[in-house]
Amino acid sequence: MKSGLNPKMELVKNLYGEVDEIPTRNGYGHGLVELGKKNRDVVVLCADLSDSTRALWFAKEYPERFVEVGIAEQDMMGIAAGLAAVGKIPFVSTYGVFCTGRAWDQMRTTVAYGDFNVKIGGAHGGVSVGADGATHQSLEEIALTRVLPNMKVIVPTDYLETKKATFEAARIRGPVMLRFGREKVPVITTDKTPFRVGKSETYRFGEDVTIFACGPMVYEALMAAKELEKKKIDARVINMHTIKPIDSESILKAARETGAIVTAEEHQAAGGFGSAISEVIVENYPVPIKRVGVLDRFGESGHPDELMAEFNLKGTDIVRAVENVMERKRR
Amino acid sequence: MAKERHTLEDMKRIAKEIRKDIIRMTHAAGSGHPGGSLSSVEIMVALYFDVMKHDPKNHNWEERDRFVLSKGHVCPVLYSTLARSGYFNPDELMTLRKLGSRLQGHPDRKKLPYLEISCGSLGQGLSIAVGMAIGMRMDKRNPRVYCLMGDGELQEGQIWEAAMSAAHYKLDNLCGIVDVNGLQIDGETKDVMNMDPLPDKWKAFGWNVIEAEGHEIDSMIKAFREAEKFKGKPTVILAKTVKGKGVDFMEHEAGWHGKAPDDDQKKRALECLGE
């Protein structure tokens, strides 16, 4: 029986020690620049947030392929569709609240219904956005985008994965939503770590419970798994970066093989990542499941680390959720 | 590729056929938007039968001019224009809004490949047209982009975002047309949400403004030609029209925005149109 970290995933050597920390938005920024070099059809749009979304790096290299629209996200979404219609691969860059909130109808009707090849770089996802507070802390993007037909939804775990996701977004056909964050987060993967859209990856083997996580919560889940070892609970940890199309097979495999599930997202627990997984479980193979996420609160100002704790989005919260499902499993 | 030249008389005749199509289609569907479709007929005929470069036998022709219908609800006039241009058999027009039809209640480009966009939620088309024009500009390509909007539609803020960006990027390869029929669902535009003065607004947003008679094909063609020549700014043609034009009991009536004629009304309408 396999145990511990999955060597095929080629995660960083000192995962449980000192790890590099880089913001995932940098992965987007660098990803765009590399894409721009390889593919002349890639264009980048921004709505007055080029520095914080890192679209600026592309703008500096390829100014003739950068479109600044000012504070006008609905217009930006439409312009992107128009660019896609004439053969470009546009990346819309703004905060998650604005691309999925302000421009939701445009995302729905113009982009998704029209099935235009528009890629959405949704920055500043989660409470870890920090001091700006609730208005800028997007906690709803997964819920808002996964309900749209034709849309793919990806929440990469770290800097490297975000770069890979940016490349993949350009490579695959049709609308793609990429969600990433503001703060520096642990780099847990390496260049060799597999990343395929729609395919979740088992980072840690385990037989007692499965923790599905996305974004920065994958690191928290791995830390929780280490902690759970002490309690003799053997936790499988799966990086489910693609919420749509969801990897149902790995969900059902986890349900059958481990009998208990915890999901973890830096997002409202209602309607997002955990809900998507719950839907698969409930309809096919019901097992105890608990969602770690924001419990129907708006975000607020604070330091990113404080906020993750305040909103119960740490490894310790995942441990508690595991204990909850283990107890229900025993009943 | 050679473009068929149509005489003015020819185009007037086609306009009449399109009006009959609109009445028949919406009647057959039991729903639809005749009023705003009828007010846009001459605009569409001028574009598809004279001004635009396009090829009904090759809808993917890269060098074609692009037409974006932002006022998506008047798709009956677009569908009929496409059919009468030779994109598909006019018999198919009677499938409007039926289950499985390529002719959806509002344009669906995945179902009908001759459409540039899917739309129906007002205010979105001009931004898409701006994106197309920017894309053409990036690659130094020739195709022009035309975007037809309703006047009520100008109440949507996104239109003005697009207007700003078109002027900012000096998109003289973009031509907007506003079908100024003065009506919307809840009544006259000036009573519902006054937008006067329209020409001044567009000028203030940095556009070249041409006011034209929306039901005179030659006036529209003249306006389009002027727009082609104008450099440095996008052009908007404010076309003065009559909602329901061509059918006496529909003209100037807000009520015919989104209502299909019944059997009796269809008969009367077709009589008005010379049948």
Side-chain angles (χ1 to χ4, degrees), chain A residues 36 39-48 59 62-92 94 98-99 102-119 148-150 173-175, chain B residues 60 62-70 72 104 106-113 115-145 147 156-169 171 173-174 205:
Chain A
N39 189 335
R40 283 187 56 244
D41 289 333
V42 168
V43 302
V44 174
L45 298 91
C46 199
D48 201 35
Y62 309 107
E64 69 288 355
R65 285 193 266 149
F66 177 73
V67 182
E68 172 67 77
V69 306
I71 310 169
E73 296 80 8
Q74 297 178 1
D75 190 32
M76 178 168 61
M77 199 65 76
I79 291 176
L83 285 162
V86 300
K88 302 296 182 195
I89 304 174
F91 278 80
V92 163
T94 182
F98 308 137
C99 48
R102 191 55 155 276
W104 192 83
D105 187 16
Q106 288 73 13
M107 213 176 40
R108 171 192 190 269
T109 300
T110 289
V111 173
Y113 181 49
D115 203 12
F116 282 112
N117 199 26
V118 171
K119 321 299 172 180
L148 296 175
N150 300 327
R173 231 240 106 239
Chain B
N60 281 322
E62 291 285 341
E63 290 308 293
R64 70 187 187 281
D65 289 332
R66 305 308 204 261
F67 175 71
V68 172
L69 181 66
S70 191
Q104 294 286 292
H106 289 76
D108 179 342
R109 75 174 198 121
K110 306 244 357 225
K111 295 201 160 66
L112 188 68
L115 300 170
E116 301 290 357
I117 71 168
S118 302
C119 56
S121 177
L122 295 173
Q124 301 194 23
L126 190 60
S127 297
I128 305 173
V130 166
M132 292 174 169
I134 291 176
M136 294 299 183
R137 178 64 59 78
M138 275 180 183
D139 294 342
K140 299 188 173 44
R141 291 170 63 190
N142 294 325
R144 289 182 59 74
V145 185
C147 179
E156 283 285 358
Q158 189 187 347
I159 291 283
W160 300 100
E161 290 180 13
M164 268 191 285
S165 38
H168 180 86
Y169 285 106
L171 301 174
N173 55 347
L174 171 64
F205 273 77

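So that the names make sense, note that chain A is the first sequence line, chain B the second, and so on, each numbered from 1.
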J.: Less than 4.5 Å to any heavy atom of chain A: does that hold for the side chain of B:Pro143, its backbone, both, or neither?
T.: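 Contact with chain A: none, neither part.
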J.: Count the heavy-atom pairs under 4.5 Å between each of B:Glu161, B:Arg141, B:His106 and chain A, then report the option with the highest count.
T.: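 Highest number of pairs under 4.5 Å: B:Glu161.
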J.: Exactly one of A:Val42, A:Val92, A:Ile89 should register a side-chain contact (heavy atoms from CB on, under 4.5 Å) with A:Lys119. Which one does?
T.: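 Testing A:Lys119 for a side-chain contact (heavy atoms from CB on, under 4.5 Å) against A:Val42, A:Val92, A:Ile89 leaves exactly one candidate, A:Ile89.
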J.: Count the heavy-atom pairs under 4.5 Å between each of B:Val68, B:Ile117, B:Asp139 and chain A, then report the option with the highest count.
T.: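 Sorted descending by pairs with chain A, the first entry is B:Asp139.
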J.: Could you tell me which portion of A:Val67 (side chain, backbone, both or neither) has an atom closer than 4.5 angstrom to a non-hydrogen atom of chain B?
T.: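 Both parts, heavy atoms under 4.5 Å.
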J.: Measure the spacing between OH of A:Tyr113 and CZ of A:Arg108 and express it to the nearest 0.5 Å.
T.: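 Atom-to-atom, A:Tyr113:OH and A:Arg108:CZ are 9.0 Å apart.
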J.: Let me know if A:Glu64 has heavy atoms under 4.5 Å from chain B in its side chain, its backbone, both or neither.
T.: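 Only the backbone of A:Glu64 comes within 4.5 Å of chain B.
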J.: Of the backbone (N, CA, C, O) and the side chain (C-beta and beyond), which part of B:Ala162 lies under 4.5 Å from a heavy atom of chain A, both, or neither?
T.: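 B:Ala162 touches chain A through backbone and side-chain heavy atoms alike.
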J.: Check each atom of B:Glu62 against the heavy atoms of chain A and say whether the ones under 4.5 Å are side chain, backbone, both or neither.
T.: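 Neither part; nothing is under 4.5 Å.
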J.: Is the backbone of A:Ala84 close enough, under 3.5 Å, to the side chain of A:Asn117 for a donor and an acceptor to pair up by distance?
T.: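 Not at all, since once roles are kept as given, no pair shorter than 3.5 Å links the two residues.
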J.: Give, as side chain, backbone, both or neither, the part of B:Asp108 having an atom under 4.5 angstrom from any heavy atom of chain A.
T.: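 Answer is both: backbone and side chain atoms of B:Asp108 are under 4.5 Å from chain A.
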J.: What I want to check is whether the side chains of A:Asp105 and B:Gln124 have a donor and an acceptor closer together than 3.5 Å.
T.: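 Note: A:Asp105 and B:Gln124 side chains meet the donor-acceptor criterion.
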J.: Carefully, step by step, assess B:Arg109 and A:Phe116 under the rule side chain to side chain contact (heavy atoms under 4.5 Å, CB included).
T.: CA-CA 10 Å; B:Arg109 75 174 198 121; A:Phe116 282 112; 3.4 Å; yes
J.: Are the charged groups of A:Arg173 and A:Asp115 less than 4.0 angstrom apart, N to O?
T.: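 Judged by the 4.0 Å cut-off on N to carboxylate O distance, A:Arg173 and A:Asp115 do form a salt bridge.
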J.: Answer with side chain, backbone, both or neither: which region of A:Glu68 has an atom nearer than 4.5 Å to a non-hydrogen atom of chain B?
T.: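 Both parts, heavy atoms under 4.5 Å.
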J.: How about A:Arg102: does its CZ atom have over 12 heavy atoms from other parts shown lying under 6.0 Å from it?
T.: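 It does not: A:Arg102 CZ has 12 such atoms or fewer within range.
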J.: Look at atom CZ of A:Arg40 and say whether more than 12 heavy atoms of other residues, nucleotides or ligands are closer to it than 6.0 Å.
T.: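 Counting other residues, nucleotides and ligands, CZ of A:Arg40 stays at 12 neighbours or fewer.
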J.: Quick one: which of A:Thr109, A:Ile79, A:Val86 has the most heavy-atom pairs under 4.5 Å with chain B, could you say?
T.: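 The candidate making the most pairs under 4.5 Å is A:Ile79.
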J.: Taking every heavy-atom pair that is under 4.5 Å apart, which of B:His168, B:Met164, B:Glu116, B:Met138 has the most such pairs with chain A?
T.: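 Looking at each option in turn, the highest pair count goes to B:Met138.
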